[in-house]
Amino acid sequence: MQKTTPASSPDAYVAALDGWRRACVGELRAAVRAASAMEEVVKWRHLVYLANGPVLLIRAEEARVLFGFWRGQQLLAIEPGLKPGGKYEMATLELREGMTVDPATVRLLTRKAVALNRTLGDPTLAAKRG
């Protein structure tokens, strides 16, 4: 696996992408940022959004873009395409070239995910408490 230098900022992360992945990440990012005030960072080599702990991620890979939520399994009624997996009730939507997500759906998912963290706390701490 080829090691790459992590992007120095969220803007640099997007700028390093090309083609459909840049467009997809840009659209997701715009809708997420319009939905709620969160801290946006590059963590684990992708975009992570924080509000009382991690809320969601946007990760561009070679052939797909992942749009994931730490408590995404609680959001399946909003977006049935979310695939459960991993810790923290994680669920991720996999986007490939030519696929889109309605910006209104992205904003709703984001607002609900932020509300879950506000109500339930940081999902990583909740998991440690068991």
Side-chain angles (χ1 to χ4, degrees):
M1 185 165 164
Q2 181 181 359
K3 295 278 185 182
T4 59
T5 303
S8 60
S9 70
D11 288 336
Y13 182 89
V14 177
L17 302 172
D18 59 8
W20 73 270
R21 295 179 315 137
R22 178 185 261 178
C24 181
V25 169
E27 290 167 12
L28 288 171
R29 185 178 182 218
V32 163
R33 291 169 64 168
S36 184
M38 293 180 285
E39 181 182 1
E40 179 186 46
V41 299
V42 176
K43 189 170 181 134
W44 304 299
R45 298 185 182 269
H46 51 266
L47 298 177
V48 175
Y49 296 82
L50 306 163
N52 199 19
V55 175
L56 66 94
L57 65 87
I58 301 172
R59 182 171 74 208
E61 297 178 350
E62 188 68 30
R64 66 185 185 171
V65 170
L66 296 178
F67 184 45
F69 295 86
W70 265 256
R71 289 193 164 102
Q73 292 176 33
Q74 295 190 41
L75 303 172
L76 295 174
I78 298 169
E79 176 50 67
L82 286 165
K83 303 274 188 283
K87 295 182 188 178
Y88 317 114
E89 298 182 81
M90 196 82 180
T92 307
L93 187 62
E94 181 179 306
L95 301 167
R96 297 199 177 260
E97 188 169 7
M99 297 173 72
T100 60
V101 180
D102 178 37
T105 301
V106 172
R107 290 190 301 272
L108 179 58
L109 286 165
T110 300
R111 285 192 302 271
K112 294 289 187 180
V114 168
L116 285 168
N117 273 23
R118 190 177 306 119
T119 302
L120 302 173
D122 181 333
T124 61
L125 296 178
K128 288 177 186 173
R129 286 190 297 265

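Please read all numbers here as calculations on a predicted model, not as lab measurements.
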**Message:** With a 4.5 Å cut-off on side-chain heavy atoms, are Q74 and E89 touching?
**Reply:** yes

**Message:** Minimum heavy-atom separation for G121 and N52, please, with both atom names.
**Reply:** CA-ND2, 3.5 Å

**Request:** Answer yes or no: is there a side-chain heavy-atom contact under 4.5 Å between T110 and K112?
**Result:** no

**Asked** Under a 4.5 Å cut-off applied to non-hydrogen side-chain atoms, are S8 and V42 in contact?
**Response** no

**Under 3.5 Å: donor-acceptor pair, side chain of R21, backbone of E61** = yes

**Prompt:** Could you go step by step and tell me if L50 and M38 meet the side-chain contact (heavy atoms from CB on, under 4.5 Å) rule?
**Reply:** CA-CA 5 Å; L50 306 163; M38 293 180 285; 5.9 Å; no

**Donor-acceptor pair, side chain of R22 and main chain of A15, under 3.5 angstrom** = yes

**Prompt:** Do you know which two heavy atoms are closest between V101 and L95, and how far apart they sit?
**Reply:** CG2-CD2, 3.5 Å

**Complete:** dist L116:CG -> R118:CZ (nearest 0.5 Å) comes out at 10.0 Å

**Message:** Quick one, L28 and V106 - any side-chain contact, counting heavy atoms below 4.5 Å?
**Reply:** yes

**Message:** Nearest 0.5 Å, please: how far is CD in Q73 from NZ in K83?
**Reply:** 12.5 Å

**Request:** Let me see the working for T124 and D122 under side chain to side chain donor-acceptor pair (under 3.5 Å), right down to the final yes or no.
**Result:** CA-CA 6 Å; T124 61; D122 181 333; 2.6 Å; yes

**Asked** Would E40 and R33 pass as an ion pair if we require N to O under 4.0 Å?
**Response** yes

**Message:** Set out, in order, the CA-CA distance, both residues' side-chain angles and the distance that settles side-chain contact (heavy atoms from CB on, under 4.5 Å) for L56 and V32, then state yes or no.
**Reply:** CA-CA 9 Å; L56 66 94; V32 163; 4.1 Å; yes

**Message:** Please check this pair: side chain of R96 against backbone of A63, looking for a donor-acceptor N/O pair closer than 3.5 Å.
**Reply:** yes

**Item:** Ionic contact status for E27 with R29, cut-off 4.0 Å
**Value:** no

**From OH (Y49) to CG (L57), nearest 0.5 Å** = 10.0 Å

**Message:** I want to check something: taking the side chain as every heavy atom from C-beta on, are V65 and I58 in contact at a cut-off of under 4.5 Å?
**Reply:** yes

**Complete:** Heavy atoms of P123 and P54 approach each other most closely as CG-O, 3.4 Å

**Complete:** Nearest heavy-atom contact between R107 and A34 is CD-CB, 4.3 Å

**Request:** Show your reasoning for whether side-chain contact (heavy atoms from CB on, under 4.5 Å) applies to L109 and F67.
**Result:** CA-CA 11 Å; L109 286 165; F67 184 45; 4.3 Å; yes

**Complete:** Rounded to the nearest 0.5 angstrom, the CG-CG distance for L75 and L82 is 6.5 Å

**Message:** For Y13 versus L47, what's the shortest heavy-atom pair and its separation?
**Reply:** CD2-CG, 3.6 Å

**Request:** Return the orientation label for the H46 and W44 ring planes: parallel under 30°, perpendicular over 60°, tilted otherwise.
**Result:** tilted

**Non-hydrogen atoms of L108 and I78 that approach each other most closely** = CD2-CG2, 3.8 Å

